[in-house]
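For reference, the structure discussed in these notes is given below.
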Amino acid sequence: METTNFLPYAHQSIESSDIDAVTAALKHEVITRGSQVAAFEQEVCQRVHALYGVAFCNGSTALAAAFQAAHVGPHDRIITSPNTFIASVAGGVRAGATLRCVDIDSYGNIDLSLLAEEINVPKSRGRAIVVPVHIAGVAVDLTQLDDLIFMPDTVVIEDAAHALGSSYPDGTPVGCCAYSDMTVLSFHAIKNITCGEGGMVTTNDPLLYQRLKKIRDSGIERTPVTGADAGAPWYYEVDELSCNFHMTEFQAALGRSQLQRLDTFFQKKASLIASYRRKLASTPAVTLHPEAVDPLTHYHLFEVNIEFEALGLTRSKVMEGLHALSIGSQYHYVPLYCHPALKGALSQKPQDFPAMEEHYKKSLSLPFFSSMTEADVDRVVTSLRTVLFQTCLT
Ligand SMILES: Cc1ncc(COP(=O)(O)O)c(C=O)c1O
């Protein structure tokens, strides 16, 4: 019977300093909308070189707020890659925008050589809302993207849910918004740092900053100039429908504590990636993503391509086999064009996306998180070979 501890595909890293920070925040008089959230916003901005940051209760609401802040609506078209989580587009599609997907490159990111055909299509109405998703932490080259855009009303909202701590090819940090209107981060449990749940939008635009704060706060304008009671200290107005998207003080305290270890997490994960690369290099039927971007990338996932079909296997069978050996695994992502909820917004077909279809057939995410050890990597590699070939080749 298997007795080894189960190794999940992802896991948070919580230390006593995190617990102390959360405990202190919980003992404070103010447990939401206070100084911890403001300090967290400031510290993230310092880290990513952005002027403004607005914290949200999770990355999905932060993305929805970014679409709303940019007034995305009917006639606009969101352009992104199909290899992403639904939150990358949900807020914009809910607001009535249509969706165009562009196939992926060898990192699983939007293929910029194909994007050129989509991005500047003249339309009588509506704007292009480009959502580059930095998948698994690998940054899309935004200077290259910027060179492709010549319609002045184009909006760029980066989905950097996976990529806090990564840099673009020019060495600037993801989140700095040098070539985008807004960047969205996630602090979900298994992301590069965590608040339990949490998100943030960074921007350098003061007007977007003000709008994001209002959208986070149910659309409330606290200092309205119109209305019979304008000026009264208790008076407020809602001039735009939204929701309560606030982050709590104890979430922010955890985020601040985690942010101090961002570089440690990066280094630990860089060394795990290097080990995986070495140990999997000669494994038949397994290929790894290109390593050129490794020094710039704070990896969130470790994905490999496996020739399931050629081996007479399926992804489900391999995942079951790994699970029986106490190894977790996952697949990222079911292509956007497969989701029934997007059928009305997206008219493209799977055959329009040969690279995504290849990824969908072959990719598997193996255990990858900062508290893993070299021995864990060995265990995963040995188990994977056992499952793929029914015999250990090492
Ligand atoms: C690419 C991507 N975008 C957005 C999100 C949404 O973030 P959150 O889980 O914080 O809502 C996720 C979460 O998994 C994601 O993977």
Side-chain angles (χ1 to χ4, degrees), residues 8-12 37 40-41 44 53-68 72 78-94 99 101-102 104-105 107-110 129-140 156-166 174-175 180 182-202 212 215-216 243-248 251-252 254-255 258-259 297-303 330-339 341-342 356 359-360 363 365 368-369:
Y9 94 89
H11 200 264
Q12 67 275 16
V37 170
F40 184 43
E41 289 169 341
V44 169
V54 182
F56 284 82
C57 50
N58 56 56
S60 302
T61 55
L63 273 156
F67 284 116
Q68 189 169 346
V72 172
I78 299 166
I79 304 173
T80 192
S81 95
N83 185 27
T84 190
F85 184 59
I86 191 73
S88 302
V89 300
V93 171
R94 269 202 310 269
L99 181 58
C101 284
V102 173
I104 58 174
D105 63 14
Y107 296 103
N109 277 335
I110 192 163
I129 314 293
V130 185
V131 182
V133 184
H134 308 303
I135 214 76
V138 177
V140 175
V156 179
I157 300 173
E158 294 173 66
D159 182 339
H162 296 186
L164 179 64
S166 292
V174 167
S180 68
M182 290 171 271
T183 302
V184 181
L185 303 165
S186 165
F187 310 118
H188 171 263
I190 59 165
K191 294 299 194 301
N192 289 356
I193 66 167
T194 185
C195 297
E197 298 275 0
M200 195 176 292
V201 185
T202 59
L212 287 163
I215 290 162
R216 175 176 65 179
C243 228
N244 170 3
F245 293 137
H246 282 281
M247 173 183 274
T248 65
Q251 283 172 292
L254 178 55
Q258 291 256 310
L259 191 60
T297 305
H298 186 174
Y299 280 100
H300 161 57
L301 298 171
F302 180 67
E303 297 171 290
Q330 188 51 279
Y331 168 70
H332 300 89
Y333 283 93
V334 174
L336 288 183
Y337 49 77
C338 292
H339 297 307
L342 297 177
M356 181 71 227
H359 175 92
Y360 192 23
S363 185
S365 298
F368 185 65
F369 49 94

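Atoms within a ligand are numbered from 1 in the order they appear, just like the ligands themselves.
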Open item on the list: Tell me whether Glu197 has any N or O atom under 3.5 angstrom from an N or O of ligand 1.
Closed with: no

Task: Side chain proximity check, Val102 to Ser81, heavy atoms < 4.5 angstrom - done: no

TODO: Answer yes or no: is there a side-chain heavy-atom contact under 4.5 Å between Ile129 and Phe67?
DONE: yes

Task: Matching residue for Ile104 among Ile110, Asn83, Val133 - test: side-chain contact (heavy atoms from CB on, under 4.5 Å) - done: Asn83

Top protein contact for [atom], by heavy-atom distance:
{"atom": "atom 12 (C) of ligand 1", "result": "Phe85 CD2, 3.5 Å"}
{"atom": "atom 13 (C) of ligand 1", "result": "Lys191 NZ, 3.0 Å"}
{"atom": "atom 7 (O) of ligand 1", "result": "Ser186 OG, 3.5 Å"}

Open item on the list: Can you see whether Ser166 engages His298 through a side-chain donor-acceptor pair at a distance of less than 3.5 angstrom?
Closed with: no

Open item on the list: What I want to check is whether the side chains of Glu158 and Ser180 have a donor and an acceptor closer together than 3.5 Å.
Closed with: yes

TODO: Kindly say whether Leu164 contributes a backbone atom to a donor-acceptor pair with the side chain of Asn192 at under 3.5 angstrom?
DONE: yes

- [ ] Please check if the side chain of His134 supplies one atom and the backbone of Val140 the other of a donor-acceptor pair under 3.5 Å.
- [x] yes

TODO: Out of Leu301, Val133, Asp159, indicate the one that has the non-hydrogen atom closest to atom 2 (C) of ligand 1.
DONE: Asp159

Open item on the list: Please compare His134, Met200, His188, His300 and report which has the shortest non-hydrogen distance to atom 9 (O) of ligand 1.
Closed with: His188

- [ ] For Gly198 and ligand 1, answer yes if some heavy atom of the residue is under 4.0 Å from a ligand atom, otherwise no.
- [x] yes

TODO: Using non-hydrogen atoms of the residue, decide whether Tyr333 is closer than 4.0 angstrom to ligand 1.
DONE: yes

With heavy atoms only and a cut-off of under 4.0 Å, state how [X] meets ligand 1: side chain, backbone, both or neither.
{"X": "His162", "answer": "side chain"}
{"X": "Val184", "answer": "neither"}
{"X": "Ser60", "answer": "both"}

